[in-house]
Each structure stands twice: as structure tokens, then as C-alpha cells.
Amino acid sequence: IDPATTDTYRHYHEGQAERVAMVSPDKFAIVMRTQEESGPEAIAARYMSDADLVLCEGFKASTLPRVEMFRRAMHPDPLYSADAPAAPMYRAMVTDAPDLDVPFPTFLLTDPSWLNALADWVETEFVK
């Protein structure tokens, strides 16, 4: 969101500004320095408290429910493993691997309706 050619990049990285705001007619972003890493719950509570649903990417140490996006073109194996400590947190898999055997719903990227099916499942599962 902040290419090295922009003034905001120079203010933040070269000028060591505490925070910079990037504004356009249809977007707003703030990049700011923090003393500690925030978890997804704290970020959602602070910045997205009015949202019905917050989806987070990353945060592998979190104990929140997980939906993995697994594509064989990117990795040979999914992050999910039945014997891993995080296994109970996995709730669904979006994948290009039709032979994947997991104990939760899978949404195949080859199915033209996968995104609608996933959205319906998320709404049923998490939006109450």
C-alpha cells in the first residue's frame, strides 16, 4: 500500500514519522509504529468493532477458527495436519486438491460456485 516512490513512504521510513495517513477518494489507510505486536482480537476490537464478521490472514499462533486456502501450485501439503496441536481450530478448506481428505467441509476452486458456497457456509457457521 506504500510504494517506495511515495511521499508517505519517505516520511515514514526515511523521516521516521510515528504514523502516516494515505488518503484517496475511495480509500484510507494509516501506517503507524507500535511497541508490540497486536493479535487479531485486539485489532478487530479497536478498528472493526462495528463489523459483523472479521476475516484475518496469518496469525498462525492464534486460537481463532481457521479456514485454510490450500493450493498445490503453491505448496505440496496443507498447513492442516490431523496430529498438529492446531488441528481442532480448522473448520474448512478451500483447495484445488479434490483428493484432499479432511474432517471438515472443503470448497473446491474448480467448482464455479465455490465462493458463494463458502460465503453461505461462513454466514451459517459464524454470523449469528
Side-chain angles (χ1 to χ4, degrees):
I1 64 171
D2 192 18
T5 58
T6 65
D7 287 339
T8 54
Y9 179 92
R10 286 190 288 278
H11 294 314
Y12 187 77
H13 295 282
E14 296 168 15
Q16 296 298 305
E18 182 180 316
R19 67 184 70 116
V20 296
M22 292 161 272
V23 182
S24 72
D26 64 339
K27 295 181 197 124
F28 174 76
I30 292 180
V31 177
M32 59 189 268
R33 299 182 193 288
T34 63
Q35 298 299 318
E36 57 193 46
E37 185 175 346
S38 296
E41 297 91 343
I43 294 168
R46 182 168 183 186
Y47 300 106
M48 303 173 192
S49 61
D50 61 337
D52 293 329
L53 178 71
V54 176
L55 301 176
C56 307
E57 180 184 1
F59 300 104
K60 290 178 178 64
S62 168
T63 59
L64 292 171
R66 298 178 185 189
V67 176
E68 182 175 352
M69 170 70 83
F70 168 63
R71 292 180 291 150
R72 284 216 166 107
M74 302 302 292
H75 302 282
D77 297 305
L79 294 174
Y80 170 79
S81 173
D83 57 351
M89 290 173 266
Y90 283 81
R91 303 292 168 78
M93 181 81 67
V94 179
T95 185
D96 62 356
D99 59 331
L100 198 61
D101 184 26
V102 292
F104 41 73
T106 58
F107 301 90
L108 289 175
L109 292 167
T110 54
D111 179 351
S113 65
W114 76 266
L115 186 55
N116 288 335
L118 176 62
D120 290 344
W121 177 83
V122 167
E123 186 174 25
T124 300
E125 193 75 15
F126 296 106
V127 181
K128 300 187 179 2

| note | Taking every heavy atom of M69 against every heavy atom of W114, the minimum-distance pair comes out as CE-CH2, 4.2 Å
| query | Any side-chain heavy atom of V23 within less than 4.5 Å of one from F28? | reply | yes
| field | 4.5 Å side-chain heavy-atom contact, F107 and V67 | value | no
| request: Indicate yes or no for a side-chain donor-acceptor contact from T6 to the backbone of Y9 under 3.5 Å, with no hydrogens or angles considered. | output: yes
| task | Work out which heavy atom in S49 is nearest to a heavy atom in A45; give both atom names and the distance. | result | CB-O, 3.5 Å
| request: Measure the shortest side-chain to side-chain distance between F59 and L64 over non-hydrogen atoms and say whether it is less than 4.5 angstrom. | output: no
| query | Are T8 and V31 side-chain neighbours, meaning at least one heavy-atom pair lies under 4.5 Å? | reply | no
| Which residues share a side-chain hydrogen bond (donor to acceptor under 3.5 Å, both in side chains) with R10, sequence neighbours left out | D7
| Are the side chain of R66 and the backbone of P88 linked by a donor-acceptor contact shorter than 3.5 Å? | no
| task | Return the minimal non-hydrogen interatomic distance between V20 and A17, and the atom names on each side. | result | CG1-CB, 4.1 Å
| message | Counting C-beta onward and ignoring hydrogens, is there a side-chain heavy-atom pair between F70 and Y80 closer than 4.5 Å? | response | no
| said: Would you say that T110 contacts P98 through its side chain, given a criterion of any heavy-atom pair below 4.5 Å between the two side chains? | reply: no
| query | With a 4.5 Å heavy-atom cut-off, do E41 and S62 have their side chains touching? | reply | yes
| Looking at P40 and C56, what are the two nearest heavy atoms and their distance? | CB-SG, 3.6 Å
| task | Not counting sequence neighbours, list each pair that qualifies as a salt bridge (charged side-chain N to carboxylate O under 4.0 Å, His left out) and has a residue in residues 70-99. | result | R72-D99
